Amino acid sequence: MIRNILASLMSAILFGIVGLFVIFIIDNTGFSTNDSTLLNTIGEMNFINVFSNSTLNGLVLLVVIVSIIIFIAGIAKRSSKN
C-alpha cells in the first residue's frame, strides 16, 4: 500500500516539477503566451501569484490541479489491481 502511494506521489511530483520548469523557461525567455482566455481567467482568481502575467499564473494552477489528479488516479488504479 505504501509502495502504491509513493509511486503515485512520485509521478505527480515529477509532472509538477517538469511543468513548473517549462513555465519558468517560458517566463524567462519572454515567449508570448497569446493571452489564452481560459488560463487568463484562472490566473485572475489569484490563488497563485508567482508571475506578473496572469496567463502563466493560470498555467501554474493548472499544473498543480493536474498533479493532484495524477496522484489520485494513480492511487485508484494501483488499488484496483490488488
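In this text the structure is predicted, and so the values were computed from the model without any measurement.
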(request) Taking the six-membered ring for Trp and the full ring for Phe, Tyr or His, determine whether the centres of Phe51 and Phe24 are under 6.0 Å apart. (result) yes
(request) Is it possible for you to say whether Met10 and Phe15 belong to one hydrophobic cluster, with membership spreading through side-chain heavy-atom contacts below 4.5 Å? (result) no
(message) Taking Ile13's backbone N and O only, do any of them form a donor-acceptor pair with Ser67's side chain (distance below 3.5 Å, no angle check)?
(response) no
(request) State whether the side chain of Asn57 and the backbone N or O of Val50 hold a donor-acceptor pair below 3.5 Å, judged by distance alone. (result) yes
(message) Give me the atom names and distance for the closest heavy-atom approach of Phe71 to Ala12.
(response) CB-CB, 3.9 Å
Could you grab the distance from atom [atom1] of [X] to atom [atom2] of [Y], nearest 0.5 Å is fine?
X     : Y     : atom1 : atom2 : answer
Asn53 : Leu59 : CG    : CG    : 10.0 Å
Leu56 : Asn49 : CG    : CG    : 12.0 Å
Thr55 : Leu62 : OG1   : CG    : 12.0 Å
Leu14 : Leu9  : CG    : CG    : 11.0 Å

(message) For residues 11-22, which residue pairs pass the side-chain hydrogen bond (donor to acceptor under 3.5 Å, both in side chains) check, not counting sequence neighbours?
(response) none
(request) Please identify each residue that fulfils side-chain contact (heavy atoms from CB on, under 4.5 Å) with Phe31, with sequence neighbours left out. (result) Ile26, Thr29
Do any side-chain atoms of residues 38-46 form donor-acceptor pairs under 3.5 angstrom with protein atoms, and if so which ones, sequence neighbours left out?
| residue | atom | partner | partner atom | Å |
| --- | --- | --- | --- | --- |
| Asn40 | OD1 | Ser54 | OG | 2.2 |
| Thr41 | OG1 | Thr37 | O | 2.7 |

(message) Do Val60 and Leu20 make a side-chain contact, defined as non-hydrogen atoms from C-beta onward lying under 4.5 Å apart?
(response) yes
